[in-house]
Structures are given as structure tokens and as C-alpha cells.
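Atoms within a ligand are numbered from 1 in the order they appear, just like the ligands themselves.
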Amino acid sequence: MDGIINVLPDSIANQIAAGEVVQRPASVVKELLENAIDAGSSKIKLIIKDAGKSLIQVIDNGCGMSEMDARLCFERHATSKIKEVKDIFNIHTKGFRGEALASIAAVAHVELQTKRREKELGTKIQIEGSRFITNEATACTDGTNFCVKNLFYNTPARRNFLKSNGVETKHIVEEFQRVALAHPDIRFEFIHNEQEVFILPSANRKKRVLDVLGKKMEKSLINVEIETSVVKIRGFIADPKTAVKSRGDQYFFVNDRYIKSPFFHHAISKGYDQLLPPGTYPKYFLFFELDPHTVDINIHPTKTEIKFQYEKEIYAILVSAVKETLGKNNMVPSIDFENPEPIDMGLGITPESLKQPTITINPNYNPFQSRKPASSGNYSYGKSSVLKGESWETLQQIQKEFDQGDVVNQEADIHRQEEMKQEDALSKSEKENPEIAPVYQSIQIANSYIITSMKSGMIVIDQNKAHQRILFERFQSAYSEQSIQVQKLMFPEAVEVPTELHQLLEDQLENIRALGLELDKFGKNEFVVNGVPSGVPQLHYQKLVDEILEELNHGENLKGNFIQEKLATIFARNTALKKGTYLNTAEIQNLIDELFSCATPNFAPNGKPTFITFTTEDLFKKFN
Ligand code: ADP
Ligand code: MG
């Protein structure tokens, strides 16, 4: 009786095991959908509420379970899919570990109704935290109906660990899309908070890809089909012109199971070779069929990473399959990356119905005219552009103040000290003779940089970065004072938002509107821009929204001020003066004045310098 080892009761063991299988609502969605597929269903319906936090329901018309199986399925290692060790190497089903339902039932309220076709009555089981509550005969339809409620109700630490509804919904939609893409013959429905997200009728592979990811891809999909002794590869790769800056829409399926494989991704990119602009990812949907004996899907609990016996061979096959496919489709000759063809938005808008640029233009708009002085603001812009000498005094004053706060890097500090020494030496006579007012000249180089002299040298300003800084601070202060003015668009402009990101974007609409972009949900699946911050010329709405989405999607923990700052950065970047824009003298001066009345003139919002300085000493050294 002196032993200290206990065998854990099943309920606790299951709860621990659940940590591996059930990480978030999307994991439950994946397991239930896969079970429905393994049951041979031809119709599967997914219903969720509150990003799956309060309800995940999967209804199928598959084989159903007998009364005995309905009870057994919640036991750990209860599976109908393998019987002997050798079966593990010949898997044709999604599941086989027999862990999923035991794990889910350990951390949620589960209700199961299931009936085999040949039976008159079905079975209803309720189970909470592994405890059976009900087990009775019931009248129900053929197939299985799983309800998972209040996920993680008994593991608050896990519940608190869940992300916002937007993020959790994104994961669910992604899982759903992967399963739906792998099984085009099955009809799927997906309802979230009583609204349809997807209705996907049974279809061929191509139609399914288009139904899931949008018709706009239709013209850019290129058929891939190759059969070798180790693998059969079918599916589609997309025209390199549709390659995108962020990852997404890269799909590999092995025997209809979605997998992740950086190794094969590399092979695809290599196949595209020089055709991809740097830093972009091609889209692809590739289905591998191979002998289950040559893959090991057992290495990862959620089975998205698998081992291949003929990995190197498949890599080589992929590279040449992609190359050949692109070659056959004449994708290889020079492609103009500078001017990619505009992509069809796929929103049911025909070219004829498209309206010309839809901004209502304010003829008096001047991008350099500030609506209000920056926060530090004792400086008057209107005046300062006339009083050139004085504005430079102002600049130097600001510079000094700024440098005293240790915001600037050391190198700049050293420059500054040297500058001041020089200044002292050079301007003795000036100071003694106040009549001689210095005149500072500014010129624009290559329509991109502004060079201007200062007392003790010169400054080179990057006009785009400088303008980003100015606009960034302007957006920020207007945001905090809620004084952004919105210019309504005469014709609202539709923008495309991938389904998995709808909720993420919806959650941020308030913040986005506060920055002056009136973005609204329109109908079930569309977002439209109804208004823009006034005085913002040439805004490319889709690009702006894409960048916002990228931030929402990949920046974690976006809250309050932080999201506002990110959005202001994106807005500034999208609306700033471009390189190559000619500026006249007054505009140049305005830009300089506004830059140096910013709270942080030295850096663009992305942290890059807005200007660099050369002291007379630097110049002297260059010549000696
Ligand atoms: P696995 O899928 O690895 O076998 P699960 O815990 O997911 O393990 O499921 C356990 C068993 O319950 C399955 O093997 C299957 O026999 C049965 N089952 C689960 N879901 C369904 C369903 N929707 N229809 C019919 N049988 C099901
Ligand atoms: Mg399963």
C-alpha cells in the first residue's frame, strides 16, 4: 500500500489528450468533417455560432452508427478504421487514431444523434466532460448529427487562450475550405450565426476550386496532369501574374488529405523560376495520388505533415511538371511585371457596368496643405513658406530640440555636434551682422528627392518617406480628435475580401471608419468602399484593403492604439506622394516645413529615415 502511482481516470486522461487534438474550434470542425467524409456522406452541413465557441454542429447523411457504436465512439482508441498494425500503412480514411471524439467529449458538451439506414430508430447520446448524461433511442434521420457546445467550458485556461472571433472564424473557414477542396463530389453547406458562408453543390475539381475561392480565378488556372510510377499529380497552378505578396491559396492534397509541405512548395516555386516577381507566392491546387504504403501520415497528431518515401523523386517531378505546364501554356515568354493586367474582381461586375474612377474630386485640394498644425505646433505654415530663411531657423530649432531628446541615432548626434561647432565658427560674422539674412535653396532631384542647404551643409529628403511621415501624424491626430473628414464616393467601389477574412475585417470596421475609410459590408459576401478620407488623391482601394487584411491576418493581437497605428501607417503609405512626382517650389517648401513640424520628422512610419544630412565637413572630406 505504499505506492504513489495512480492510474488516471479516463476523463482526466482524455482531457490531457485533448490538448493535442483539440487546440481551437477549427480543430473540432476538422475532425467532425473528416468523420462525416469517412462515413461515406454525400451531403455535409456545418453550422457554427460565435466562431465555434458556443456551437459547432456537423450533420451528415453517411452510414450512421449502431447503438453500441454510438456509445463506443467516445472511448479513447475507439475506431472502426484500423484493426491491425499493418492497416496503419494502408490508410484510405481521414481518421484512424480513434482519439478525436474522446478528446472533444472531454472538453465540451456533446450531443450525438445517429441512425443507420436499415434501422427504424436511432440513438441519442449526451455527454459532458466525458460523463454520459443521456443515452436513449430516438427517432431521427439517417446519418449522424454531432453538436459540440461550449468548447473548453471545463478548461478555462484553454478557453481564455482562444483568439478573437475573427481569428477563430478564419481558422474554421480555412479548415472547411481544405476539406471542401479535397472532396468536390460531396455537397457542403456552411452556416455561421444563421448566415450562409458557403453552399457548394457537388462538382468537378475545377468548379469546386472556383466555388470555394472565387470565380475570378477561372482564367488564371492552368491544368496540371502528370502520371509517373510513384505519383499521379492533378490539379491547377495559377498564372504567375496572379502571384501574391502574402501566402495563401497554396494547396497540396495527398490522397485527398490536405498537407503542408515547405519542401514541395519550394519545388513549385522553382518550377516557376524567373516568372515570379521577387517576394511573391504562386497560387496552386495540387492533388497527389500515391500508394498509401509509400506515405506515413502518422507523424503529426493533426496529420497535416506527412512523410514520403519518394520525397526527392516527387520534388523533381513537381519542378518539371510546373515548368512544362507553364511552357505549354506560353507563360514563359517575357512577362511584364511592371504593368500586370488588372485582375477581374469577380464580383459580378461586367466591364460595361464599371464606372470610371469614382472619387469626387475636390478641385481645391492640395496634398501639401495641412488642415491643422501638427501637435507640437507653434509654427505657421502659410507664413513659413514665404519666410524661407525663418522656416529654416525653425527647422534647426526643432532639430536641436529633437536631438536633445535621444531619439536620433548616435551617428546623427555626432553630425549634429560637428554641425553646431561649424555653425559657431562660420556664422560669427552673420550673428554680428543681422542684416545679412541667409537664403536657403531647395531643389528636386529625379522627381524623388529634395536637396536643400542648411547653415552648415545640406539635407537630402526622400519625398515619399517624408510625406508618409506627415500623413501618418495627420491621420493619427485626426483619429484621436475624431476629426477626419470623409468624402463620399458617388459610386461605391467593390473590394474583394477572401471569405476566411470576412469576420476579421468586420471586427475592425469601426477602427477603419474612424480613419476615414468608409468600408461597409454589402450583401452576403462583398465589401464596398463608400467614402475615403477627404483630400486623399488616387487611392487604390483594393491595394489598401489588401494591406489592411494582410496586417489583420498576420499581425497578432491587434488591439486599440496598436491597430490604429498600423492602419494609419498603411493609409499613409498608400496615400503619400509617390517617387517620380514633380513638385514645384512652393510644394517643395511646404513639404519641408510640414516634415519638420512633425513630432518625429526623422523617420517614416516604417522606421526608415526620411532624410539624411551632409555637413560641410562631410563635403570637405569628399574633396580631400
Ligand atoms: P477515428 O476517426 O480516428 O476513427 P474518431 O474519434 O474521430 O476516430 O471516431 C471514432 C469512430 O466513431 C470512428 O472510427 C467511426 O467509426 C465513428 N464515427 C465518428 N463519426 C462518425 C460519423 N459522422 N458517422 C459514422 N460514424 C462515425
Ligand atoms: Mg476521426
Side-chain angles (χ1 to χ4, degrees), residues 10-11 13-23 26-47 56-85 87-108 110-119 122-127 130 132 135 138 140-148 175-176 178-179 182-183 186-189 255-258 292 297-304 306:
D10 271 355
S11 58
N14 286 340
Q15 220 183 76
I16 295 168
E20 263 202 12
V21 186
V22 189
Q23 279 136 14
S27 336
V28 175
V29 168
K30 174 178 193 280
E31 295 297 339
L32 295 184
L33 290 177
E34 291 191 344
N35 280 346
I37 289 164
D38 287 344
S41 314
S42 62
K43 286 184 192 162
I44 299 176
K45 185 169 184 175
L46 168 66
I47 301 169
I56 298 164
Q57 185 174 18
V58 172
I59 305 168
D60 70 48
N61 66 350
C63 64
M65 284 182 263
S66 68
E67 192 194 332
M68 168 94 132
D69 285 350
R71 197 181 162 98
L72 265 181
C73 74
F74 293 106
E75 297 292 325
R76 203 134 55 101
H77 310 304
T79 180
S80 55
K81 298 167 195 173
I82 57 175
K83 292 202 168 65
E84 309 172 46
V85 171
D87 296 342
I88 296 179
F89 303 101
N90 191 20
I91 299 285
H92 292 277
T93 52
K94 306 270 159 215
F96 58 88
R97 291 169 169 251
E99 287 177 326
L101 294 181
S103 302
I104 294 166
V107 292
V110 177
E111 194 181 306
L112 161 66
Q113 289 194 53
T114 185
K115 180 173 112 51
R116 293 187 68 86
R117 218 153 293 149
E118 67 275 12
K119 291 280 171 66
T123 307
K124 175 172 164 179
I125 285 182
Q126 278 177 299
I127 179 167
S130 301
F132 283 89
N135 182 357
T138 185
C140 60
T141 47
D142 296 345
T144 301
N145 181 341
F146 258 105
C147 252
V148 175
E175 287 297 353
F176 175 87
R178 290 165 185 172
V179 172
H183 297 278
I186 299 176
R187 176 189 169 88
F188 285 93
E189 291 180 21
N255 297 343
D256 295 337
R257 180 193 302 278
Y258 171 83
I297 44 187
N298 207 10
I299 57 169
H300 193 275
T302 55
K303 303 184 259 341
T304 51
I306 67 182

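Among the atoms of Asn35, an N, O or S atom falls under 2.8 Å from the Mg ion (ligand 2).
Looking at Leu101 against ligand 1, both its backbone and its side chain come within 4.0 Å, counting heavy atoms. When non-hydrogen atoms are compared, ligand 1 lies under 4.0 Å from neither the backbone nor the side chain of Thr93.
If you take CG on Asn35 and CD1 on Ile104, they are separated by 7.5 Å, rounding to the nearest 0.5 Å.
Those atoms of ligand 1 with a heavy atom of Thr79 less than 4.0 angstrom away are 1 (P), 4 (O), 14 (O). Set against the non-hydrogen atoms of Ala78, the atoms of ligand 1 under 4.0 Å away are 10 (C), 11 (C). For ligand 1, the atoms lying closer than 4.0 Å to a non-hydrogen atom of Ala100 are 6 (O), 7 (O).
For Met65, the closest heavy-atom approach to ligand 1 falls below 4.0 Å. Remark: distances from the non-hydrogen atoms of Gly62 to ligand 1 are all 4.0 Å or more.
At a threshold of 4.5 Å between non-hydrogen side-chain atoms, the residues Leu101 and Leu32 count as touching.
Here the side chain of Asp60 pairs a donor or acceptor atom with the backbone of Thr144 at under 3.5 angstrom.
Across all their heavy atoms, Ala36 and Val58 have their closest contact at CB-CG1, 4.3 Å. Contact detail for Arg257 and Thr93: the closest heavy-atom pair is NH2-O, 2.9 Å.
The distance criterion of under 3.5 Å between nitrogen or oxygen atoms is met by Thr144 with respect to ligand 1.
With Asn145 as reference, Gln57 is the one residue of Glu111, Gln57, Gln113, Lys45 to meet the side-chain hydrogen bond (donor to acceptor under 3.5 Å, both in side chains) rule.
There is no side-chain donor-acceptor pair under 3.5 Å between Asn135 and Thr123.
Among Gly98, Ala102, Cys73, the residue whose heavy atom sits closest to atom 12 (O) of ligand 1 is Cys73.
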